[in-house]
Amino acid sequence: MKLLIIGSGGREHALAWKLKQSPDVEKIFCAPGNAGIASVAELVPIKIIDITGLVNFAIENEIDFTIVGSEQPLALGIVDQFEQHHLKIFGPSKLAAELESSKVFAKHFLKKYNIPTAEFRSFSVAEKYDAERYINEIPAPIVVKADGLAAGKGVSVCESKEDALDAIRSMFDQKIFGDAGSNIIIEEFLEGEEASVFALCDGINYKLLSPAQDHKRILDDDKGKNTGGMGAYAPAPIMTADLFQYVAKEIIEPTLRGMQLEGRPYKGCLYVGLMITQTGPRVIEFNCRFGDPETQVVLPLLKSDLLSLLIASIEGKIDKERVELSKNNAVCVVIASGGYPDEYQIDKPIFGLKQFDDTKNVIIFHAGTKFIKDTVATSGGRVLGVTAIGSKLDETIDRAYRSVEKITFDGAYYRSDIGKKGLQHLSIE
Ligand code: AMP
Ligand code: GLY
């Protein structure tokens, strides 16, 4: 089969790396890809939001199956458009992708189907004064969320009521997120530890991959600004077998049933972002695609053929598939450009990559890289995801960091505590 992967991050590199291992794959294209993805796929210079360009490319190159990495094209309806042209594509329809692209839709959906989530109310820009009054009625901390996609920046966790009032003004008056902030959610602050669960869904049935934990803040001990994710590990020991079962029965199954009832059957990867509170797991957010960097630890632990699973998802046959997971664990440390998540410099040559070409227990996934002549250089905030695989979490963490230390570029930054929370859970057990 000829495949097309859409996106250019570590997640897409991990997808390409895993799909390349499938016996049925003849060739992979990736639009637009990056310098690392170029080692497993042919790069195609088409933007991820150029849906017509992508449709035309798929037709002209007789692509058998397209896999969408990021949320933007899904929210734009890429799946609907590919299907109109009888092209096979993995991901939810535009209406189903609203679980991610509209937090107002997602929260009302969760409430309607009695799926555990934080208490909330939604407000439109015309209801600004009601929103302010509501903030004055509820205790801080308060979480304010823009309804639409905001490149991971649409959530403000506010310590005080003043901060929450500022947050709604920046969304409603200053329109910092444009139309994405014309509607907002104000919700209860949840305390606990986060976990990410991925379900491959075919509209009715689903299969789960290893539960993972991301590290969203820029600094050690979860301090500092939010980022796209500074590292991940899987399986996350916080997700005990009992909790995992609860998430399946009380969250994923009612979500799939509810989406069918709403006339928006969910096919694709459903990413459930959870807060594990004292009183059980609550949904913080849904994403309508694989998570990044979690995919960089989840796919190396998947023994089964990914291509068969993805095809079964879109053909409504996922219940016939077996998902075999490795007993190992995986740890991914993201190396970012200095300054990220604020302004950062690019075009820095990266040293030390070649020594990992043939390693088995360490995989270097590229996120923000490009070629400058023959040299691999930085081109984004998150640059590389260094993933180590091993049988014991402490050893895997060491292996990841030993590898990270061998790679250098001007201004390189990484957190030094990826996986530490996992070790704490293991020591309690
Ligand atoms: P999101 O952009 O929806 O992934 O949210 C970004 C981050 O904000 C999450 O990963 C959480 O760390 C935090 N967050 C979102 N909602 C809540 C909440 N209700 N309580 C506490 N933290 C939250
Ligand atoms: N790991 C967070 C995300 O993919 O949105």
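One-based numbering, in listed order, for ligands and for the atoms of each. All residue numbers refer to positions in the sequence shown, counting from 1.
Here the closest heavy-atom approach between residue Arg217 and residue Gly224 is recorded as NH1-O, 2.7 Å. Scanning both residues, Phe109 and Thr255, for their nearest heavy atoms gives CZ-O, 3.4 Å.
Closest to atom 7 (C) of ligand 1, if we only count protein heavy atoms, is Asn226 ND2, 4.0 Å. Closest to atom 13 (C) of ligand 1, if we only count protein heavy atoms, is Val157 CG2, 4.0 Å. Atom 5 (O) of ligand 2 has its closest protein heavy atom at Arg289 NH2, 3.1 Å. In terms of protein heavy-atom proximity, atom 2 (O) of ligand 1 is nearest to Val155 CG2, 3.3 Å. The nearest protein atom to atom 1 (P) of ligand 1, hydrogens excluded, is given as Glu285 OE1, 3.5 Å; this is a heavy-atom distance.
Between Arg11 and ligand 2, a contact under 3.5 Å exists for no N or O pair. Polar contact with ligand 2: absent for Glu285 (N/O pair, distance under 3.5 Å).
Each of the following atoms of ligand 1 lies closer than 4.0 Å to a heavy atom of Glu194: 9 (C), 10 (O), 11 (C), 12 (O). For ligand 1, the atoms closer than 4.0 angstrom to any heavy atom of Met275 are 21 (C), 22 (N). Close approach of ligand 1 to Glu187 (heavy-atom distance below 4.0 Å) involves ligand atoms 16 (N), 17 (C), 18 (C), 19 (N). Near Lys145, with a cut-off below 4.0 Å to any heavy atom, the atoms of ligand 1 are 15 (C), 16 (N). Counting the atoms of ligand 2 from 1 in the order shown, those under 4.0 Å from a heavy atom of Asp214 are 1 (N), 2 (C). Within ligand 2, the atoms closer than 4.0 Å to a non-hydrogen atom of Gly291 are 4 (O), numbered from 1 in the order shown. For ligand 1, the atoms sitting less than 4.0 Å from at least one non-hydrogen atom of Ile284 are 15 (C), 16 (N), numbered in the order shown with element in parentheses. Taking every heavy atom of Glu294 and a limit of under 4.0 angstrom, the matching atoms of ligand 2 come to 1 (N), 2 (C). The ligand atoms of ligand 1 that sit less than 4.0 angstrom from a heavy atom of Phe189 are 20 (N), 21 (C).
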Run the numbers on Glu193 and Gln213 for side chain to side chain contact (heavy atoms under 4.5 Å, CB included), then give the verdict. CA-CA 9 Å; Glu193 210 177 293; Gln213 191 171 57; 2.9 Å; yes
With salt bridge (charged side-chain N to carboxylate O under 4.0 Å, His left out) as the test, would you mind laying out the steps for Asp394 and Lys392 before giving the verdict? CA-CA 6 Å; Asp394 52 351; Lys392 290 172 83 181; 5.1 Å; no
Evaluate Glu194 against Lys216 for salt bridge (charged side-chain N to carboxylate O under 4.0 Å, His left out), listing each step before the verdict. CA-CA 10 Å; Glu194 287 176 60; Lys216 289 212 167 94; 3.7 Å; yes
Check the pair Tyr271, Phe290 against ring-ring contact (aromatic ring centres under 6.0 Å, His included), reporting the backbone distance first and the verdict last. CA-CA 6 Å; Tyr271 167 135; Phe290 285 96; 9.6 Å; no
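Close to ligand 1: Lys103, with a non-hydrogen atom less than 4.0 angstrom away. Residue contacts with ligand 2 do not include Phe290, since none of its heavy atoms lies under 4.0 Å from the ligand.
No close placement of the His215 and Tyr414 rings is indicated, their centers lying 6.0 Å or farther apart.
For the pair Lys111 and Phe120, the cation-pi test (distance below 6.0 Å, angle within 45°) is passed.
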Without placing hydrogens or testing angles, list every side-chain donor-acceptor pair under 3.5 Å for residues 42-51, not counting sequence neighbours.
from: Glu42; atom 1: OE1; to: Lys27; atom 2: NZ; distance (Å): 2.4
from: Asp50; atom 1: OD1; to: Gly53; atom 2: N; distance (Å): 2.9

Contacts table for residues 245-253: side-chain donor-acceptor under 3.5 angstrom, sequence neighbours left out:
from: Lys249; atom 1: NZ; to: Glu253; atom 2: OE2; distance (Å): 3.0
from: Glu253; atom 1: OE2; to: Tyr206; atom 2: OH; distance (Å): 2.5

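Of all the heavy atoms of Leu190, the ones lying under 4.0 Å from any atom of ligand 1 are found in both the backbone and the side chain.
Counting non-hydrogen atoms of other residues, nucleotides and ligands closer than 6.0 Å to NZ of Lys370 gives a total above 12.
With Asp214 contributing its side chain and Ala232 its backbone, the two residues share no donor-acceptor pair below 3.5 Å.
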